[in-house]
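Below: the structure, in structure tokens.
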Amino acid sequence: MEAAFNIGRYRVFRLEEWQGGFSPPEALFAEYEDAAFAAQVAGFEPAFFRDGMIYGYLQSWLIDTGTERIIVDTGAGNGKDRPGIPIFGNLATPFLAELEAAGFAAGDIDKVFCTHLHIDHVGWNTEWREDSWLPTFPNARYYFPRADEAAWNPEKPLYATLAGAGVNANVFEDSVLPIIDAGLAELIDDGAEIAPGMRAWTFPGHTPGHMVLEVEDQGQVALFTGDILHHPMQVLRPDWNSVYCEDRVQAAASRRHLLERASARGARIVPAHFGAPHSLFVARADDGSYRPRFASH
Ligand SMILES: [Zn+2]
């Protein structure tokens with residue numbers, strides 16, 4: 001497998017876990033307007049829209065700095081019971097074979113960074129071995145936003161107030177808690193340094209503690225943005241949230257902040273669920289709107 005792109009000297013590989021029609025657009029976007037979507041839809045086919053459905057991916061990103069290997073987000077995982085979102089339950093994907101195709105074994109991974117603690121971003125943190133959920137990457141430190149641990153831990157009071165608690169059923173127990181119990185977790189705050197040239201910034205709203213990983217080397221910058229953007233329509237309409245965004249006002253403000261930062265820095269945006277070419281740049285127009293620019297390298 002070839003690297004998807006480089007950030008200076010760092011190579012970045014895309015590990016695909018799943019692709020498919022996810023949901024009709026009116027079921028994904030909380031602020032959906034038919035005419036606004038229809039005006040853009042031709043430009044979205046087939047990578048981002050097919051057969052009336054938003055087309056999406058579960059994909060992880062592996063950054064190889066030459067001295068460290070860091071995985072950003074870990075998809076849905078295999079064999080997990082997901083009553084709140086059956087489409088991602090009991091999967092049997094060759095994710096670890098993808099990792100091998102990129103040239104790495106699970107034991108080679110030094111760090112795992114989860115942008116947030118939703119079902120489709122923490123799954124491969126663990127795998128079922130010896131009758132329990134154990135860390136898939138035994139030699140890694142796992143970085144979780146502290147504010148998301150406080151929100152998604154069912155033992156803590158905030159959990160009962162979350163709209164997504166049902167969708168995220170079982171996720172903390174089988175994909176986060178075993179990492180904490182194994183002593184491999186680092187709970188991090190805004191601005192945490194993950195590695196030289198890599199910092200995690202809080203962009204709240206989609207979840208209370210959602211983070212973006214900013215990676216810079218030799219003047220090139222990439223922003224690994226998790227679920228700040230699910231679809232290029234949200235570059236055109238940053239006011240459109242997904243129905244999975246917990247705090248819609250805050251999530252839209254974080255989306256604008258992200259677009260502003262990416263356009264000002266010329267940074268590549270690397271989302272979790274975008275179709276080919278899977279990452280993008282954005283340009284700010286004089287009227288303050290943004291346009292996506294897709295470039296594979
Ligand atoms: Zn997601």
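In this text, all values refer to a predicted model and were calculated from it rather than measured experimentally. Atoms within each ligand, like the ligands themselves, are counted from 1 in listed order. Only heavy atoms go into these numbers, but all of them, side chains included; no hydrogens, no water, no symmetry mates.
At a threshold of 4.5 Å between side-chain heavy atoms, the hydrophobic network of Ile, Leu, Val, Met, Phe, Trp and Tyr places Leu134 and Val176 in two separate groups.
Inclusion of His121 in the first shell of the Zn ion (ligand 1) is supported: an N, O or S atom falls under 2.8 Å.
In Asp120, the N, O or S atom that comes nearest to the Zn ion (ligand 1) is OD2.
Taking the charged nitrogens against the carboxylate oxygens, Arg265 and Glu216 do have a contact shorter than 4.0 Å, which makes a salt bridge.
The NE2 atom of His273 and the OD1 atom of Asp227 meet at the Zn ion (ligand 1) at an angle of about 70°, given to 10°.
Using a 30° and 60° split on the angle between ring planes, Phe95 and Trp124 fall in the parallel class, below 30°.
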Walk me through it: do Arg237 and Glu33 pass the test salt bridge (charged side-chain N to carboxylate O under 4.0 Å, His left out)? CA-CA 10 Å; Arg237 290 295 299 268; Glu33 294 164 28; 3.0 Å; yes
